[in-house]
Amino acid sequence: MKKFDELEKVHPRYNWHYKDCLTQAQVVTEGINTSTALENSYNLMQSFIQAVETGNTHELKIVNQLPRSNWNFNAQNTINL
């Protein structure tokens, strides 16, 4: 997963699915805004990646303490919170 800060935000490209010119950031934002669970999952993964890269063990412990009873895995092995 690419960090949100690294997504293209200036130069839009034609997106066949949307039939419009959008930047990478616009596509991601529109996608995660469709579902609160998807937005939360995306933000969780962004925080997790940042914590791993910076070696922030406090952040990793917070991610590890999230209640797994609320996690549902679908056929694509993605997490639904």
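- Of the possible polar contacts, one joining the E8 side chain to the V10 backbone as a donor-acceptor pair under 3.5 Å is found.
- Between the OG1 atom in T23 and the NE2 atom in H11 there is a gap of 11.0 Å [rounded to 0.5 Å].
- In this structure, the side-chain contact (heavy atoms from CB on, under 4.5 Å) partners of Q46, at least two apart in sequence or on a different chain, are M1, K3, F4, Y42.
- T29 OG1 to K9 NZ: the interatomic distance, rounded to the nearest 0.5 Å, is 9.0 Å.
- When all heavy atoms of L7 and Q24 are compared, the closest pair comes out as CA-OE1, 3.5 Å.
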List the steps, then state whether side-chain contact (heavy atoms from CB on, under 4.5 Å) holds for T36 with N40.
-> CA-CA 6 Å; T36 303; N40 291 340; 3.7 Å; yes
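- Minimum interatomic distance between Q26 and C21 (heavy atoms only, all atoms of both residues): OE1-O, 4.4 Å.
- For T54, the side-chain contact (heavy atoms from CB on, under 4.5 Å) test picks out Q50, N56, with sequence neighbours left out.
- Counting heavy atoms from C-beta on, the side chains of K2 and V28 never come closer than 4.5 Å.
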